[in-house]
Participant: 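Can you keep this structure in mind? I'll have questions shortly.
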Number of protein chains: 2
Amino acid sequence: MTTAKSDTIASRISRELAERIVTGVIAAGARLRQDHIAEEFGASHVPVREAFRRLEAQGLVVSEPRRGVRVAGFSLDEVKEVAEMRAALEVLALRHAAPHLTRAILDAAEAANHAGEKAVDVQAWDEANRSFHRLILSPCGMPRLLKSIDDLQVVGARLLFSGWRAEWEAPTDRDHRAILSALRAGDVDQAASVLARHVQWVGPSPRKS
Amino acid sequence: MTTAKSDTIASRISRELAERIVTGVIAAGARLRQDHIAEEFGASHVPVREAFRRLEAQGLVVSEPRRGVRVAGFSLDEVKEVAEMRAALEVLALRHAAPHLTRAILDAAEAANHAGEKAVDVQAWDEANRSFHRLILSPCGMPRLLKSIDDLQVVGARLLFSGWRAEWEAPTDRDHRAILSALRAGDVDQAASVLARHVQWVGPSPRKS
DNA sequence: GATCTCCAAATTATAGATAATTTCAGTAAT
DNA sequence: ATTACTGAAATTATCTATAATTTGGAGATC
């Protein structure tokens, strides 16, 4: 958890900035100036620019040629859009993963869910939730799909960090259990249906732009 | 069609390389060396590296730290994966676009379809096909979703250019007409169903890795 | 008082140079 | 013959410097 050894400086900067954006340390709409960031990381601005490109690909920043990059906004519409995309893709992944799911995988997913129930802060809860989804979807064996889902998950996590309510935890865990029990029963359609609803849920209250 | 005015050198290089990869001028698996490309474009390697990052985000190249960049492969599995992702996302887009589709838009889509029937080469056919899809999906008003679909379309186009058969044209145009007539009849489910099957179709013959 | 113009400071984009790593051919050892 | 080493050449990643563009404000004009 220290400086996170990473091969290239660009990827280290990219990871660090991503975390700051997701956790809200850098606000939506804030402008990111390459020289300032370069100075902070003790690097030149070249790797910073490459980090920007990666963040742009993830949808965490938007870049206008010669006018700099700023943190992507997340209005309610944008959050919903990401959630719906993720729902569609996770359903696809689940249908391909289902035939390869083993008892051991489902047990591991259940353990991840329990870890989420015990989580005391947002980070831990988010991590457990991520694990759950990754566990049941990875066996689909579609790397590009999984990467897209992961990127969408990261973007969606901004919502969690911006306004998380402890009450939201219970329904999530219930959904997870429902998905597991449907999968154990071999009812993929039911599991997919719960998963789609579960992922699309972006909280009860409208959020500001 | 000349030098394609573009704001930054990086984006010009990125576009040019993308086209070469899609059309097969650069083969799958080929290594891209930044200095060589920089020299060819009369630029330094910094914008080349940024172009690489964009291509990586589009899924046209894969990059390993300190080991260079190579053109992404497209095995049958990968092509299928992209097609299924695109099907899932286009269905989502269509369901959101449907309420906003006007007579004029559907007529324009029909015109695009006719242009495709008259197309004499792959480029023209691809362009018409792209227009058709863009026309009926754009009204969904979900920019991130549309961008993802576009990227997937570009990747999928590699298949067209690698082995296109004139016979594939007719079924495609028939699918397009079926989608239009379902939309005109207000039967969104039917349109979505045809669209999903249509997009997932990757040709009758298994392709080599 | 509001708007426009123009200039300086800040910022982005690219170039050229350097350090660090990988690749690979050629040679030696088994 | 095959495998393991070695070092030069090629290549990637980074830094420093420079050119080009944008931003923001001071002063002029209406």
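This structure is a prediction, so every number in the text was calculated from the model and none was measured. Throughout, protein chains are lettered first and strands after them, A, B, ... in sequence-line order, and every chain is numbered starting at 1. FYI, side chains are in, hydrogens and waters are out, and symmetry mates aren't considered; it's all heavy atoms of this structure.
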Participant: When you get a sec, tell me which of C/dG16, C/dA13, D/dT11 is the closest nucleotide to the side chain of B/H45?
Facilitator: C/dG16

Participant: Measure from the side chain of B/R49, starting at C-beta and using heavy atoms only, and say which of D/dT14, C/dT11, D/dC15 lies closest.
Facilitator: D/dT14

Participant: If I take atom CZ in residue A/F41 and atom P in nucleotide D/dC15, what distance separates them, rounded to the nearest angstrom?
Facilitator: 13 Å

Participant: Rounded off to whole Å, could you give me the CG-to-C1' distance for the B/D7 and C/dA13 pair?
Facilitator: 10 Å

Participant: Would you indicate whether A/E40, at its atom CD, is surrounded by more than 12 heavy atoms from other residues, nucleotides or ligands within a distance under 6.0 Å?
Facilitator: yes

Participant: Got a second to check how far A/E110's CD is from A/L183's CG, nearest 0.5 Å?
Facilitator: 11.5 Å

Participant: Quickly work out the A/E50 CD to D/dA13 P distance and round it to whole Å.
Facilitator: 7 Å

Participant: Separation of A/E64 atom CD from D/dT21 atom P, in whole Å?
Facilitator: 17 Å

Participant: Look at the side chain of A/A10 and decide which nucleotide, out of C/dT12, C/dG16, D/dT14, has an atom nearest to it.
Facilitator: D/dT14

Participant: Of B/Q34 and B/V46, whose nearest nucleotide on DNA chain D comes first from the 5' end?
Facilitator: B/Q34

Participant: Of the candidate nucleotides C/dT14, C/dT11, D/dC15, which contains the atom at the shortest distance from the side chain of B/I9?
Facilitator: C/dT14

Participant: For A/H198 and A/E90, test the side chains for any donor-to-acceptor distance below 3.5 angstrom and give the result as yes or no.
Facilitator: no

Participant: Looking at B/R33, I'd like to know whether one of its side-chain N or O atoms comes within less than 4.0 Å of OP1 or OP2 on D/dT11.
Facilitator: yes

Participant: Report the residue (A/H36 or B/R67) whose heavy-atom-nearest nucleotide on DNA chain C is the more 5′ of the two.
Facilitator: A/H36

Participant: With respect to the side chain of B/R66, which nucleotide from C/dT14, C/dT22, C/dA15 is positioned closest?
Facilitator: C/dT22

Participant: How many Å lie between CZ on A/R70 and P on D/dT22, as a whole number?
Facilitator: 15 Å

Participant: For B/R12 and C/dT14, what is the distance between atoms CZ and C1' respectively, to the nearest whole Å?
Facilitator: 13 Å

Participant: Using whole Å, what does the distance between atom P of nucleotide C/dT11 and atom CZ of A/R31 come to?
Facilitator: 7 Å

Participant: Rounded to whole Å, how long is the line connecting atom CG of B/D35 with atom P of C/dT18?
Facilitator: 15 Å

Participant: Between A/R158 and A/E78, does any side-chain N to carboxylate O distance fall below 4.0 Å?
Facilitator: no

Participant: Would you call the rings of A/F132 and A/H176 parallel, tilted or perpendicular, where under 30° means parallel and over 60° means perpendicular?
Facilitator: parallel

